[in-house]
Amino acid sequence: FRPGNIESAAEEPRVLCIVQDTTNAKTVNERLTLNLPASTTVSKLYEDVAHKAGYANGTFCLAWANTGAMVRVLPCPSKQTKTLHYACVTLLQDESGTADSSGLDDSSQGRFIGPLPRDGTVGCSSDYSSPSYSYSSILNKSETGYVGLVNQAMTCYLNSLLQTLFMTPEFRNALYNWEFEESEEDPVISIPYQLKRLFVLLQTSKKRAIETTDVTRSFGWDSSEAWQQHDVQELCRVMFDALEQKWKQTEQADLINQLYQGKLKDYVRCLECGYESWRIDTYLDIPLVIRPFGASQAFGSVEEALQAFIQPETLDGPNQYFCERCKKKCDARKGLRFLHFPYLLTLQLKRFDFDYTTMHRIKLNDRMTFPEELDMSPFIDVEDEKSPQTESCTDSGAENEGSCHSDQMSNDFSTDDAVDEGICLDNTSSAERVLKPKSSLTFELFSVMVHSGSAAGGHYYACIKSFSDSQWYSFNDQHVSKVSQLASVLKEYSTNAYMLMYRLKDPSRNAKFLEVEDFPEHIKRLVQREKESEEQEKRQREIERNTCKIKLFCMHPVKMMMTENKLEVHKDKTLREATEMAYKLMDLDGVVPLDCCRLVKYDEFHEYLERSYEGEEDMPMGLLLGGVKSSYMFDLLLEIRRPDQVFQPYKPGEVMVKVHVVDLKSESIAAPVSVRAYLNQTITEFKQLIAQATGLCAETMRVVLERCYNDLRLLYVPNKTLKAEGFFRSNKVFVESSDSTDHQAAFTDSVLWKLLDRHGNTIRLFVSLPELSPGSLANRTSCPKASADSEDSLDGAKGSRKSVEAILEESTEKLKNLSLQQQQHQQQSSSTSDSQKSSEHSDFEHIESPAQEPDAASQPSQTENSTRAASDTENQFPSEERSDSDVNNDRSTSSVDSDILSSSHSSDTLCNADSGPLPLANGLDSHSITSSRRSKAHKGKKETWDTAEEDSGTDSEYDENGKSKADAQYLYFKAEPYSQEDGSGEGQKCLLVHVDKRITLAAFKQNLEPFVGVPSTQFKVFRVYANNQEFESVRLNETLSSFSDDNKITIRLGRALKKGEYRVKVYQLLVNDPEPCKFLLETVFAKGMTVRQSKEELLPQLKDQCKMDISIDRFRLRKKTWKNPGTVFLDYHVYEEDINISSNWEVFLEVLEEPERMKSMSQLAVLTRRWCPAQMNLEAFREVVLESSSVEECPSCSASDLTVLLLLQGRGTFPCDMSVLEIHQDLDWNPKVSTLNVWPLYICDDGAVIFYRDSTEELMELSEEERNELMKKESSRLLKTGHRVSYSPRKEKALKIYLDGGPTKDPGQD
C-alpha cells in the first residue's frame, strides 16, 4: 500500500518500530529497532523481527504497546496484503471507538490543546487519523491540510498574526484580487505582494512549514529583528498602517477601514444644564482592561470589561468641568459611547501592566472568559441621534484633551469630526440603523491569539476557526493541529488569551475562501511560478540527499603545496567520473594529463595513504565511500605521478613511513621518501625496504624513529617488529649509513643525535629589518628568495646575491666611519657639557658601535653560529640587566642616550605592521619542522609567551645576560637574505632566519646585531601576530619556544627595555581646552626611580620633541585613568614602592601656572566649576587644593555663602561636559554639603570634578526661539566633543516597518 501522493520511493515515509522482547525475564529490557517503509507488509515485519531476534517465524506474536490492560495483537502474518500503515490506522480507529475515517473523536483530540512541544513530538491528533492522510514528515503538510510558519528566532508574534489574517476570508480574498505591477515597484520590498505570495504558499504548498524571511525583508528588517520580540497588537497596527500607505491610489485603499475600523464618541455632559461637548473618534481595536487600576479583583468576562469601558466617570470637586453654556465650572459626566462596530472586531486584553510596588512590568494571568458569540447591541449608543442638547465640538484642540480612557485606547482620530467616516453596518438610514434588531450586532469568535510566559518574554501562538468546516486549529509556528472542542478553547485560554478576533454574523457579507480554480489569472500565474520553484527546490534537495561531500587534497605540481577543496559527487557517479571531477576541481587541466591522476583514500591528520582503488574504476562512489553521510572519518587524495612512473598499490593494513636520509659530512637532511611497510615486519626487513628505496647499505644503516615531542628512538633490535617499536599509521624516520665511527658512540652522545636534535628544534623565522638603519645598507641589493637547500652554507650561493659576509663587512665599515665622525664632533663640542646634553648632538653618540669589535676579517666565513662561534661572541654581548642602584645612578642618561626612540611605535600596545604579509619561502630541505619539540637537555622546561608585562627577573638557569648556563651549544643561528615580493620598496630588508628555538631572546638579538647595524640595546623585537598586529618581546631571559615555523618578526630602532624598566606614554592635561587629553611622547621609567628623577629625564625630551621649555617646579605628573585625571604624584614618591607601575602605563603631565601647592598626601586637589544660571553658562575650571575634605576651605565661597551653596559632582568622563539646558534642573544638586568625603559626594581622591552654584540665583528665562537656538548650539558642541547630548535612559527598540525597504541612518544619531 502506498498513498497516491507519494511519487517515488525516496519520498515514502518510514515507520520506526521498537520491539520489546517479553518472552522471558532476561530479555525484557532488550529493545529491537527496525526502520521500515510504511508500505512494508505485516508478514515482512514478522520475518524481520524473527531474523533479528533469533526466533522461528510463527512461534511468537507481536502486540501493540501502551493500549491499556487489553492486549491488542498485531494482525497475523497470514494477511499478506496488510501494510504497517493500514495496521496503524486500524488501531487508532479502534481506540477512538469509531470506524469513521474522519479521524479521532473529540475526547482523544482534547488532550492536545495548547502549545506543542518544540522538539517536534506529536501532541495533537494522531499521525494516521484517516486512510487518506498525507504522511507527516518534515517536508509534507500536516494531516490538517494547513501549512505552518517557521519561527526565525523570536517571530512567533508575527506568525500568529499572519495565520489569523490568512484565515480571514475577506482579507485573503481582497489581497488576492489586488494585482501587483512589477514595473512600478520592486517585489522584494512590496509588503502587499510578499503577503499575497505568502498566502498563496500557505494555501497551495505541500511543505509542512514555510519561511517568513521574504515578508520580513519587505518590512525592511534585517536578521537582528528576528531576535526582537514585539507585541502582536502593536504589529497589527503598524502592519495595517503600512498596507494603507502601500495601497494608496488603488481599489484597496480603504480596505483596512472597511474591515477593521469602528467609531466611538468621546463626550462630556454637564449635569446642570445637560449641555454635551463631544467628538467622534475611530478605532481599529478595543483595548480592554483586565484589572482596574488600584483594584484587587479582575473583571470576570469580556462583557464586564466592555461595560467598564463605556462606563462614564463624574467630574466633580477639583476636577469640575467648565461648561460653556453655564459659563462656570459644573459637575459633569465624561465617557465613551460606541457609534458603529467594524465588520471584524478586534479586542485586546491588556494583560501587561506595571506594578508600582515593585516598579517592574508584570503580566496579569487573571481568568477572563469570552463567549463564542458576542452580542454588542447593549454597548451601542441609541440616543445620540435624538438628543437636542448635543452639540458637536469643532475645536481641533479638543482632540488632544485627555479622558479617563485615553490610556486604554489606540485611536486613529478623524480629521473631520463633522463627517461620519465610520463603517455602517448596512446602507439603511440612521433612523433605521437605530432600530436595527440586536441580531445584526452578533459577532462570532474565530481567532484567539495567546501569549504564554511572563512580562519579560514568552511565546505567541494562535487558535483559529476555519470558516470552511467550522473546525478549530492550533497554529503554533510550524506545527498545525486540530483542536477538539470549542469549550476547551474558551476554558483553556481564558487566562492567557491576548487578542480576540470576532466577525459579524451577516450572511450577506460573510465571504468564503477563494478556491484554487477560482483564483484570478495573476494568482494562477503566481501559483504556477511557486510550484515550479518548489519542484526545483525539491529536485535540488533530492540531489543533495544523494550527494557525497568529502574533503579532497592534492599536492599541486606547480604551486608545490598541499591544496584542499570539497568534492561533491553523486553517489551513483563512478570512481572514474569522480576522478575527472576532482581533476577539474584542482585546476590541473593543462598541467598534468588526466591518466596521471587517481583518487586514493587518505587520512589528512596523520598524512597517511590508507588504500588505493585498483580495478574499481567503475564502482559507484556511494559504495566506495560507504554511503551518503554528513561527514566521513577519512578524506580523498588526488595522487599525481610522472608520465614515466607507475602508481604504487596501497593495501589496507599497511603503514606509511617518511624516510629522511641524513648526511653527517654536510650535516644535511634530505627530503622525505615514502616507504610502505607492515606492522608485523621486523627491523631487519624494514631496513631492506629502505635500502631498496634509497640505495643505502642495510648493513651499516642506523634507523631513528621520531615519535611525538621530538622523542628520538634508535631502532637497534633486529628481530623486533615495527608494531613493538611503536609504529602507527604514519611515521617519520631518519636513516644514516656511513663508514664513520660515530655509530660506536652512545646514541645520545653521537653526532647523529645532536644533528637530529638541532634539526628538531630549529624553526624558520621571517625578520623584517629597519628601513633606514644606521650603517645604512642603502646600497644593498635586494636578494632573491632562499633556495630549498637552506641548510647549506652560504659559501655556495650562486648568482648576483651578495654574501652575508659582504653585508656584515659593509655594515661594519659604515659604522666605523660613523663612529669616527661622531668622535670628531664630540671634540669640537664644549668640554663642560654633561651627558644629559647628548641628545642635542648626534643620534648615535651613545650607541656602542660594533666597530670596537674585531674587524670584519676576523668574522667567520658563514653566518651559521656553531657551538664555537656562539661561545666566542657571548663574552662581547653587553649586559641587558642592571641592578636598581645602577639604574638610579645612571638615570640622567638612561632614557635620553639616543633619539632613535620612535614615539610612533608603541612597545606595549598592539599596532598595525608597516609591511604586508611576507610570502612563504621554501623550507629546510623541503621538509616541515615541528614547533613543539623537546630534548632531554630541556626536559620539563616551562614555555612562556612573550608579553610586554614586567620582566620576570633572572632565572637561575640563565646568566645575567639571559644566556643559558648549561646549553650554550644549542645556540644555533643561521641567516640569509630574503626578498619581499610585496612592493614595499628597496629600503625594506628581510632575513630568513633558521634558529634553535631554545636560544634566549638576548642571544637572538646579539646574533641580529650585524644585520641591524646597532647594538642589541638599541633595537626592539616585535612579534607579528594575526592581522599584522605587533607586540614587543622584552623578556631577554626567555627562549623562543613559543615561536613556530614561518612566524614573522619586525625589528624597530629604539632603546630596548632593561630589567625593571617600563615604557610610559605621557599625555598633557589641559583642563580648559576642548580636547583636554593630548599625547606628548613615550619615555621610560625605572623601578626605584623617584617622581622628581623622572621629571628631570622628561625635561630634555619635552624640549626636543615637544618644544616645551618649562622648569621642573612648574609641572606635575598625575595618574591617568582613561581620560580622567587622578592622584597627583609628589616628587618624593618612588615607582613600585609608592606608585604602582606596569606595562602599557599612561600618565598625565600638567603644566602649573604657579609653584606646586600639593606637598602631602593628606591634601586633596579637586577641580571646581561654577554654574551661573542667570547667564546660562559655566565658568572655567579652577583647581582647589584642600588641606582636608571640608568645603569651607574652598576659596570660591566664604563661610557666609555656605548656606546658599549647592554642590554637584560631575558624572562621566572628564571634563564631565553636559548641556547647559540640563545642568540646572535635570541633575541632583546637593544643599548644605560641608564635607566632601561622605554622603552624598564621597570624594576621596584627586581629580574629582565639582560643580557649584548659588541657590538664590534665578535661571534665565528663554523664549522658544532662544531655547531652540541654544539647543542646536549645545547639541553641535557636545557631538564634536564626543559627549552625550542627554542622559535619557536606554529605550526598548520600537517596532517599525519601513516602506522603502530599509531604515535610513540618521547622521546625527547618537
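When atom types are taken as modelled, the side chain of T1168 and the backbone of R1182 share a donor-acceptor pair closer than 3.5 angstrom. At least one donor-acceptor pair closer than 3.5 Å links the side chain of S1094 to the backbone N or O of V1091. Not a single donor-acceptor pair under 3.5 Å links the side chain of Q228 to the backbone N or O of S224. D1113 contributes no side-chain N or O that, together with a main-chain N or O of P1155, makes up a donor-acceptor pair within less than 3.5 Å. Judged purely by atom type and a 3.5 angstrom limit, S1263 uses its side chain to pair as donor or acceptor with the backbone of E1266. Not one N or O on the side chain of W221 forms a donor-acceptor pair closer than 3.5 Å with the backbone of Y1298. In this structure, R1118 contributes its side chain and G1126 its backbone to a donor-acceptor pair below 3.5 Å. The backbone N or O of E1179 sits less than 3.5 Å from a side-chain atom of R1169, completing a donor-acceptor pair. Between the E1257 side chain and the A1174 main chain, a donor and an acceptor come within less than 3.5 Å of each other. The backbone N or O of E1153 sits less than 3.5 Å from a side-chain atom of R1114, completing a donor-acceptor pair.
The distance from atom CG of L1221 to atom CG of L1262, rounded to the nearest 0.5 Å, is 7.0 Å. Distance check, rounded to the nearest 0.5 Å: CE of M1158 to CG of L1130 gives 6.0 Å. A distance of 10.5 Å separates OH in Y356 from CD1 in I362, rounded to the nearest 0.5 Å. Taken to the nearest 0.5 Å, the CG atom of L1295 stands 4.5 Å off from the CD atom of E234. E1096 CD to R1092 CZ: the interatomic distance, rounded to the nearest 0.5 Å, is 6.0 Å. One finds the CZ atom of F1181 at 11.5 Å from the CG atom of D1073 (value rounded to the nearest 0.5 Å).
The two atoms that bring V1064 and I1141 nearest to each other are CG2-CD1, 4.2 Å, heavy atoms only. Shortest non-hydrogen contact noted between K1123 and F1214 is O-CB, 3.6 Å. When all heavy atoms are compared, the tightest approach of P1215 to P1076 is CD-CG, 4.0 Å. Here the closest non-hydrogen pair linking D1246 and T1127 is OD2-CA, 3.7 Å. The heavy-atom pair separating E1136 from Y1062 by the smallest distance is OE2-OH, 2.6 Å. Contact detail for R1023 and S1033: the closest heavy-atom pair is CB-OG, 4.2 Å.
In this structure the side chain of K1065 reaches within 4.5 angstrom of the side chain of Y1067, judged on heavy atoms. You'll find the side chain of K1119 reaches within 4.5 Å of the side chain of F1129, heavy atoms only. The side-chain heavy atoms of V1151 and L1070, taken from C-beta on, include no pair separated by under 4.5 Å. Between E1183 and V1071 the shortest side-chain heavy-atom distance does not fall below 4.5 Å. In this structure, L1080 and L1098 have side chains that are not in contact, with every pair of non-hydrogen atoms separated by 4.5 Å or more. Inter-residue side-chain proximity for W1145 and R1063 is flagged as unmet; no heavy-atom pair is nearer than 4.5 Å. Between I1112 and D1131 the shortest side-chain heavy-atom distance does not fall below 4.5 Å. Counting heavy atoms from C-beta outward, L1167 and I1250 have side chains that stay 4.5 Å or more apart.
Between E1274 and R1277 there is a salt bridge, since a side-chain N of the basic residue sits under 4.0 Å from a carboxylate O of the acidic one. Salt-bridge check for E1030 with K1020: failed, with every basic side-chain N at 4.0 Å or more from each acidic carboxylate O. Classification of K1120 and E1146 as a salt-bridged pair holds, one side-chain N sitting under 4.0 Å from a carboxylate O.
Heavy-atom contacts from other residues, nucleotides or ligands closer than 6.0 Å to CZ of R1157 number more than 12. Within a 6.0 Å radius of CD in Q1175, other residues, nucleotides and ligands contribute more than 12 heavy atoms.
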Steps toward salt bridge (charged side-chain N to carboxylate O under 4.0 Å, His left out) verdict (K1095, E1156):
CA-CA 14 Å; K1095 289 167 65 176; E1156 179 64 81; over 6 Å; no
Would you check, one step at a time, whether the test side-chain contact (heavy atoms from CB on, under 4.5 Å) holds for R1052 with E1032?
CA-CA 10 Å; R1052 300 198 186 280; E1032 185 182 3; over 6 Å; no
With side-chain contact (heavy atoms from CB on, under 4.5 Å) as the test, would you mind laying out the steps for L1152 and I1110 before giving the verdict?
CA-CA 10 Å; L1152 304 176; I1110 53 179; over 6 Å; no
Would V1134 and I1139 count as a side-chain contact (heavy atoms from CB on, under 4.5 Å) if you check the C-alpha gap in whole Å, the side-chain angles of each, and the deciding distance to 0.1 Å?
CA-CA 6 Å; V1134 179; I1139 302 170; over 6 Å; no
Between V1220 and N1177, does the side-chain contact (heavy atoms from CB on, under 4.5 Å) criterion hold? Intermediate values first, please.
CA-CA 7 Å; V1220 296; N1177 75 306; 5.8 Å; no
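Using the six-membered ring where Trp is involved, Y1135 and F1085 have ring planes that are parallel, under 30° apart on the 30 and 60° scheme.
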